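Written below as structure tokens is the structure these notes are about.
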Amino acid sequence: MAVAVTLDLLERWIRESAVRLDAAADELTALDSAIGDADHGTNMRRGFTAIVSKLDTAPPASLPEFFKTVGMTLVSKVGGASGSLYGTLFLDMGRACAEPTELTAAQWRDVLTAGVSGVVSRGHAEPGDKTMIDAFTPALDALGRALDGGESLVAAAAAAADAAERGSADTEPLIARKGRASYLGERSAGHVDPGSASTAILLRTFADVAAGTAA
Amino acid sequence: MAVAVTLDLLERWIRESAVRLDAAADELTALDSAIGDADHGTNMRRGFTAIVSKLDTAPPASLPEFFKTVGMTLVSKVGGASGSLYGTLFLDMGRACAEPTELTAAQWRDVLTAGVSGVVSRGHAEPGDKTMIDAFTPALDALGRALDGGESLVAAAAAAADAAERGSADTEPLIARKGRASYLGERSAGHVDPGSASTAILLRTFADVAAGTAA
Amino acid sequence: MKKLINSAETVLADALRGVAAAHPELTVDHENRLVISNAPREGRVALISGGGSGHEPLHSGFVGAGMLDAACAGEVFTSPTPDQMLAAAQAVNAGAGVLFIVKNYTGDVLNFEMAAELASEEGIASESVIVADDVAVKDSTWTAGRRGVGTTVLVEKIAGAAAAEGKSLAEVAAVAQRVADSGRSMGVALTSCTVPAVGHPSFDLPDDEMEMGVGIHGEPGRTRVPFAPARDIARELVDAITSDLDFSDAPVVALLTGLGGTPLIELYVIYADIADALAERGITVARSLVGDYVTSLDMAGCSLTLLRADEELLRLWDAPVNTSALRWGY
Amino acid sequence: MKKLINSAETVLADALRGVAAAHPELTVDHENRLVISNAPREGRVALISGGGSGHEPLHSGFVGAGMLDAACAGEVFTSPTPDQMLAAAQAVNAGAGVLFIVKNYTGDVLNFEMAAELASEEGIASESVIVADDVAVKDSTWTAGRRGVGTTVLVEKIAGAAAAEGKSLAEVAAVAQRVADSGRSMGVALTSCTVPAVGHPSFDLPDDEMEMGVGIHGEPGRTRVPFAPARDIARELVDAITSDLDFSDAPVVALLTGLGGTPLIELYVIYADIADALAERGITVARSLVGDYVTSLDMAGCSLTLLRADEELLRLWDAPVNTSALRWGY
Ligand SMILES: Nc1ncnc2c1ncn2[C@@H]1O[C@H](COP(=O)(O)OP(=O)(O)O)[C@@H](O)[C@H]1O
Ligand SMILES: Nc1ncnc2c1ncn2[C@@H]1O[C@H](COP(=O)(O)OP(=O)(O)O)[C@@H](O)[C@H]1O
Ligand SMILES: [Mg+2]
Ligand SMILES: [Mg+2]
Ligand SMILES: [Mg+2]
Ligand SMILES: [Mg+2]
């Protein structure tokens, strides 16, 4: 039961995410087949596999370095919309992170918020556009509400994961207005957005790792 | 019941052949799919359709002219092995035909023999090579035997058609040594040669038309 | 899935080895997945494009004198990364700056945007032109805009000729933008493509249907309609394009590309009908290309691009080009 | 069957209309189904080839300066007729005679033979060279000999260059024969083609099998074997060819053609493995071409051709050529 976000926690988060994204790759790709180009699962798997070997060979010594490593690896190994957006997320988390070794729950919220703002500035998506932002936005809201209400990091992270999953599920009826799915217009409705699904996986993994319930 | 081969008989032969080859086109093409390039039915249909419209627009006035018209049309409209071989058949029948208006049964045999010789000189096939020659050769033999035995043109033509059909059926176990099917080597065994099948149709049609039993 | 590959993971690396083996006149940077022209570029603007793989000959087939200086190859249907683009810029910048030619897909746009930022940090001046010519997609603030397809080839060729003439970065970018603004495309799929890493067709298309306005990554199109004769398809493609922009009062460059699984004989058949449809609408084709130029793996179908040209664009179009997929005047 | 056609009966006529529309630099004789070069041929030997359609760009894509003077188009997979060939000879003979370049299929051989007879009756001197390079077929007195495939392109190019140099008919025929004798090919099909008039695939090929040594009309090959990675296929193609002729002590021209339904990215993948296999066997590729050159409608697969060249053949190979499918030096 973590009370602060340490380098060790982050590393376990990303490694466990790599495992779960690998397991979910076909599913994510299937979502992307329906309204995109059938590569989101492959993209995430490629990126996170690369991060894991990066962490193995050159373990970052500080939080900012960790975020930068993850972000740069995503940017340089993934390509596509998700590579630059998730890459931006982590790079901007690194830029916002002043602490070398650990973050309080409140600092974690600020850092994550900064990362998501980076995604928004890069991709210009708004809530309801049927993108990963539809998972991130409610997750940040839930995280903030929980912490403001005095909940623990673990409980707040779980609330964020729940919200991300709901947010992702709620993309199903939406008509996409950003990314490849927007080309479909009304035909994009009726499918869950793949990027929101991978975001939900990342945030659920964070919650599980923080709670100590991950494999 | 024809006793001589007149221009009218020949014309009815070719017109009825056009009808029957059209009906058999898919079957001939299927045979050619198995050991060739899936066009024999289409080739024969194209050629005989062209002959019919040629006969409609420019009816030949003599037997040699008739054979030349049929031969030239096949040569110029069909292409492929069968175009040049069946074309040669009729062109050489025309060259061998001295009579302007009708042929006796014996003359018909000589003319047909000359045509088949032309096919052999052009294509260098021998009996057993799994080609149209395997229908023509036994047909010529049967025709000759019947006439030598004093049979009528109609009976001899029927014997020739029977022999052609048997000869065609007998190509099934053969390994092709000429034409496209020869590329298959031993894999050509087990299929009837398409050209022998069209030859059998032509000779059966002749017999039926001579007997007056054709549609 | 039967493909001439060794494994889905190695398709791109293997294909680049093949490009290197087949084209000693090109330099292949395997690490950065770049195909680089050996043509001299002393002091002139350098052109860089790139995108997901699976659209060959786009872009590597257009690298060479008079066209691209470098192509960045992404994974199949996935845009390349900013590092690759930066490495390309570093390799080909000859002091006059680089023009990035970008197809309008979110991934491509975002990655090239990051690359331009990185290049600028390295002191390399760059301009970007975004090609968004697919009329199948509505161009509105409610979408990511139109997809970039066949006009990309025309931008690469014409901007390449402008760069070869020694025009400045701003001038080359302006002519590229003019081509991008004046080209329109529309495609049709008869079958889906199969992405190697996926192993099965990206979408189901019944035997009696076709996808009008399909994207080159297998993105669904405008409508799924009953399969029709070439002449009807030709008319639909031409109508979709010409109702979006007037082509009747300018010389037109026509590009008909196969999508990878369609043989040339079929392209000529439908091009005959396209030419008829254009003539009926009073449109004059000044230059034409028929063949595989922008493909979508093994998809059967075609895509038509029309460029509203003018004397200058035609002159640049006719200028010498020496690439593996487009060559004249050399 | 989904094809970009209007009807099976009109495929050839429609395709020729498309060729005419796309290539104002060529003359199309629709009645005789000829594609004729507008390049000057004053007093030099003229080259004529032709064959069944469905192998595009062969032959019409190779009509132009430095290569063919005329191509005769037959129906799909059916050789053209002697009349067409005679009309072609009459159209392009410039007094120095014509060379007929014939792929070794009974239909082609017999029809070109009749054409040569007709031409001679019209006072046109001709020579014929028969290309029979497909090592998948045993060359024996018990067969019609080997099929003609990819080497045809090399014969057309190199003999075209010899004719352009003003060589006599006998000399051009001799160099053509030398190329024909020095080329070997082997192909593999991953899928069958579908002949438009037939409407379904010519043969069944299960999802886990391929046809080694397939013919370009869908003729069955040597063996049907389990589907394999590109590197294994590459090795089999190279072995089949190099065990038939020694290529290790001469500069080699390599031509890898797609069969119509295979995208370029896959051709590059397998070409990488072919290049490796050749290098392992000490074979030096002096020139290479990778793309669609001799196709088989929509068949997926490829065919490799190697030519045992020498300095003279390479010089003629490098000579300028200006056709829609092969162009350099212009
Ligand atoms: N402008 C954008 N802002 C935020 N997220 C976006 C944007 N465009 C696309 N996405 C996200 O990226 C996901 C697609 O990622 P991926 O399939 O890996 O890349 P690509 O679309 O380039 O193939 C979408 O499902 C969506 O969630
Ligand atoms: N050398 C030959 N001599 C006699 N008949 C031949 C010869 N070669 C082929 N044939 C006949 O031609 C038939 C094939 O005709 P067709 O399919 O129309 O032409 P192609 O083989 O050119 O496609 C064969 O079935 C065979 O009977
Ligand atoms: Mg995607
Ligand atoms: Mg045949
Ligand atoms: Mg993608
Ligand atoms: Mg044929």
Side-chain angles (χ1 to χ4, degrees), chain C residues 1-7 11 14-23 53-54 56-57 61 76 190-191 207 210 227 229-231 233 256 260-276 285 288-292 295 297-298 300-302 322 324-325 327-330, chain D residues 1-7 11 14-23 53-54 56-57 61 76 190-191 207 210 227 229-231 233 256 260-276 285 288-292 295 297-298 300-302 322 324-325 327-330:
Chain C
M1 173 189 62
K2 284 195 283 189
K3 290 181 181 287
L4 296 171
I5 62 174
N6 289 304
S7 71
V11 167
D14 287 349
L16 286 173
R17 285 195 301 124
V19 169
H23 302 293
S53 293
E56 292 66 25
V76 171
L190 308 193
T191 67
D207 258 4
M210 59 186 177
F227 184 61
R231 105 171 41 83
I233 300 174
L256 178 69
T262 287
L264 189 54
I265 188 169
E266 293 181 38
L267 294 181
Y268 278 124
V269 166
I270 191 167
Y271 188 71
D273 295 318
I274 288 169
D276 286 350
V285 176
S288 56
L289 279 181
V290 175
D292 277 2
T295 61
L297 293 172
D298 54 350
C302 67
N322 193 10
S324 66
R327 186 185 291 124
W328 53 71
Y330 271 91
Chain D
M1 174 189 62
K2 284 195 282 188
K3 289 180 181 287
L4 296 171
I5 62 174
N6 289 304
S7 71
V11 167
D14 287 349
L16 286 173
R17 284 194 304 124
V19 169
H23 302 294
S53 293
E56 292 66 24
V76 170
L190 309 193
T191 67
D207 258 4
M210 59 186 177
F227 184 60
R231 107 171 39 86
I233 301 175
L256 178 68
T262 287
L264 190 53
I265 188 168
E266 293 182 38
L267 294 181
Y268 278 124
V269 166
I270 191 167
Y271 188 70
D273 295 318
I274 288 168
D276 286 350
V285 176
S288 56
L289 279 180
V290 176
D292 277 1
T295 61
L297 293 171
D298 54 351
C302 67
N322 192 10
S324 66
R327 185 184 294 124
W328 54 71
Y330 270 92

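Small disclaimer: the values here were computed from a predicted structure and weren't measured.
- Proximity to chain C (any heavy atom under 4.5 Å) is shown, for D:V11, by both the backbone and the side chain.
- Using a 4.5 Å cut-off between heavy atoms, D:I233 contacts chain C through its side chain alone, with no backbone atom that close.
- With respect to chain D, the highest number of heavy-atom pairs below 4.5 Å among C:S53, C:A275, C:G54, C:G329 belongs to C:G329.
- Of the inter-residue distances, the one linking D:D298 atom CG with C:I265 atom CD1 reads 11.0 Å to the nearest 0.5 angstrom.
- The two atoms that bring D:S288 and C:A21 nearest to each other are OG-O, 4.2 Å, heavy atoms only.
- Counting heavy-atom pairs closer than 4.5 Å to chain C, the top residue among D:M1, D:K2, D:E56, D:R231 is D:K2.
- Contact count against chain C (heavy-atom pairs under 4.5 Å) is highest for D:V269 among D:V269, D:T191, D:L267.
- Here D:I5 is the residue among D:L16, D:I270, D:I5 with the most heavy-atom pairs under 4.5 Å with chain C.
- With sequence neighbours left out, D:D273 forms a side-chain hydrogen bond (donor to acceptor under 3.5 Å, both in side chains) with C:N6, C:R17.
- Heavy atoms of C:D276 lying under 4.5 Å from chain D belong exclusively to its side chain.
- Between the D:E266 side chain and the C:L4 main chain, a donor and an acceptor come within less than 3.5 Å of each other.
- By the side-chain hydrogen bond (donor to acceptor under 3.5 Å, both in side chains) test, C:Y268 pairs with D:H23, sequence neighbours left out.
- Heavy atoms closer than 4.5 Å to chain D are found nowhere in C:S7, neither backbone nor side chain.
- At a 4.5 Å heavy-atom cutoff, D:A300 makes no contact with chain C through either its backbone or its side chain.
- Of the atoms belonging to D:T262, heavy atoms from both backbone and side chain fall under 4.5 Å from chain C.
- Taking the side chain as every heavy atom from C-beta outward, D:L264 and C:D292 never approach each other to under 4.5 Å.
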